[in-house]
Amino acid sequence: MTVYSKIVGTGSYLPERVVTNRELEKSVDTTDAWIRERTGICERRIAAEDEYTLDLAEKASRRALEAANLDADEIDLIVVATTTADQIFPSTACLLQSRLRIKGCPAFDVQAVCTGFVYALGVADKFIATGAAKKALVVGAETFSRIIDWTDRNTCVLFGDGSGAVILEASDTPGVMSTHLHADGDYADYLHVPQGVSNAHAEVAAGRAYVEMNGSGVFRMAVTTLCRIADETLRHNKIDKQELDWLVPHQANIRIITATAKKLDLPMDRVIVTVDKHGNTSAASIPLALDEGVRSGKIRRGDLLMIEGFGGGFTWGSALIRY
Ligand code: COA
């Protein structure tokens, strides 16, 4: 019998501090009107100085566990998608495991930048489908504000902090119907933080510890790639785009989101949009949007959702989910 993974709970968390476009006008040469028009972003949340990715991950996870009506110790797999881990090691997933007092289950991070949550979901889904796990905690958590140069108007207006989580449980009905994961490392320079660990001393990377981006190049690739992967997902499942109830896209730019919705012939009231309030929270953006869709009552049990993301790497991915 085929085993599927089903989403049985969602949760999310946003730091308290709201940073509006007007506030950014004071520190970089930009305007509220430019940011709204070119990106759809009005405000974003920024973590407090003593608040870290793990704190964000823990809050979203506890809310997802509560929604699923599960105790933490029932979880037998933890996958955290993040680009902004608190430590080089242990992984955020191991630190989260300890916070939640879960013992012994596998716990690891996945790094695929803004596609991180889709990758994490794809991996956890395969653990469940093969019987290696029964109840998985899958998290996207980011403090992207820590890798942003706040004097660079090309990037600082775009990003925010936050976290989202889902609990996946083994089920004999779908659930996650398919996941589609891709990457093309030839585009590494389009969107990157050059400084890492092994090259921190090297002239070419030292001091370049913030996001650097070819905005228009990323934009063009994101639109064409997300439209292509939407087609791939529908074709794979032999379903027509009319059957989709919701698109839950990565929230980077409202213009990228509307282009994908148009390709799917979906009116914008069938698309979960949070980019106006959250900005781009990287791996956290899709589970944050999903949780908002569920808690607002828009997304209901039995609805057919497509999630899709695009990010540094380049990486991109999608999933078709019967909620
Ligand atoms: N405020 C005002 N002007 C800004 C600005 C800001 N915050 N940021 C950039 N600009 C300027 C640039 O300096 C440039 O000026 P120039 O033409 O004098 O050189 C101009 O705006 C760029 O204009 P344009 O190329 O038309 O902008 P755009 O429509 O491509 O929008 C982005 C820029 C960054 C919003 C857009 O390219 C984008 O969203 N790219 C994808 C980014 C993304 O999603 N990254 C994460 C992917 S996961």
Side-chain angles (χ1 to χ4, degrees), residues 19-44 81-84 110-120 140-145 147-162 164 181-185 187-194 210-230 248-261 273-276 278-289 307-318:
V19 174
T20 61
N21 294 343
R22 292 247 178 254
E23 210 173 324
L24 292 176
E25 284 179 355
K26 294 178 196 149
S27 51
V28 286
D29 181 16
T30 191
T31 60
D32 175 49
W34 190 95
I35 303 170
R36 280 174 195 259
E37 191 196 313
R38 309 309 293 160
T39 73
I41 299 167
C42 306
E43 60 187 45
R44 71 286 293 142
T82 188
T83 311
T84 48
V110 164
Q111 218 292 47
V113 206
C114 298
T115 319
F117 180 78
V118 186
Y119 267 61
E142 301 275 21
T143 46
F144 235 70
S145 62
I147 53 167
I148 294 301
D149 174 357
W150 287 95
T151 66
D152 175 11
R153 71 175 185 174
N154 290 303
T155 52
C156 77
V157 302
L158 302 176
F159 295 94
D161 300 334
L181 309 178
H182 299 280
D184 187 342
Y187 290 91
D189 290 350
Y190 275 61
L191 177 57
H192 62 154
V193 176
Y210 299 114
V211 173
E212 297 177 13
M213 184 181 72
N214 167 351
S216 53
V218 174
F219 188 92
R220 275 195 304 274
M221 277 297 287
V223 170
T224 52
T225 307
L226 288 168
C227 289
R228 203 170 62 236
I229 203 171
V248 187
H250 171 49
Q251 311 280 323
N253 184 316
I254 192 68
R255 292 185 292 141
I256 298 175
I257 295 172
T258 46
T260 321
V273 175
T274 56
V275 69
D276 52 335
H278 302 175
N280 180 349
T281 57
S282 190
S285 100
I286 292 173
L288 259 166
I307 68 170
E308 55 159 26
F310 181 89
F314 289 139
T315 54
W316 62 99
S318 64

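Start at 1 and go down the list; that is how both ligands and their atoms are numbered. Quantities reported herein were computed from a predicted structural model and do not represent experimental measurements.
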Sub-4.0 Å protein heavy atom next to [atom]:
atom	result
atom 4 (C) of ligand 1	yes
atom 16 (P) of ligand 1	no
atom 48 (S) of ligand 1	yes
atom 42 (C) of ligand 1	yes
atom 13 (O) of ligand 1	yes
atom 37 (O) of ligand 1	yes
atom 7 (N) of ligand 1	yes

- [ ] Would you please determine whether Ser216 falls within less than 4.0 Å of ligand 1 on a heavy-atom basis?
- [x] yes
TODO: Please state whether Ile35 comes within less than 4.0 angstrom of ligand 1, counting heavy atoms only.
DONE: no
- [ ] From the options Thr281, Asn21, Asp161, select the one residue that forms a side chain to side chain contact (heavy atoms under 4.5 Å, CB included) with Arg44.
- [x] Asn21
- [ ] Scan Leu288, Asp276, Ile41, Val273 and name whichever one has a side chain to side chain contact (heavy atoms under 4.5 Å, CB included) with Gln251.
- [x] Val273
- [ ] Any chance you could measure Tyr119, atom OH, to His182, atom NE2, to the nearest 0.5 Å?
- [x] 8.5 Å
Task: Atom pair CH2 (Trp316) and CZ (Arg228), whose distance is rounded to the nearest 0.5 Å - done: 6.0 Å
Could you find the nearest protein heavy atom to [atom] and give me its residue, atom name and distance?
atom	answer
atom 9 (C) of ligand 1	Asn154 OD1, 3.1 Å
atom 33 (C) of ligand 1	Trp34 CH2, 3.9 Å
atom 26 (O) of ligand 1	Arg38 NH2, 3.6 Å
atom 39 (O) of ligand 1	Asn253 ND2, 2.7 Å
atom 34 (C) of ligand 1	Met213 CE, 4.0 Å

Identify, by atom number and element, the atoms of ligand 1 in contact range of [X], meaning under 4.0 Å from any of its heavy atoms.
X	result
Phe310	48 (S)
Arg255	28 (P), 29 (O), 31 (O)
Val157	7 (N)
Ala252	44 (O)
Cys114	48 (S)

Could you say whether the N/O atoms of [X] and ligand 1 ever approach to under 3.5 Å?
X	value
Gly215	yes
Thr39	no
Asn280	no
Arg153	yes
Thr30	yes

TODO: Go through the steps to decide whether Glu43 and Thr20 satisfy the test side chain to side chain donor-acceptor pair (under 3.5 Å), and finish with yes or no.
DONE: CA-CA 4 Å; Glu43 60 187 45; Thr20 61; over 6 Å; no
TODO: Please indicate whether Phe219 has more than 12 foreign heavy atoms, meaning atoms of other residues, nucleotides or ligands, lying under 6.0 Å from its CZ.
DONE: yes
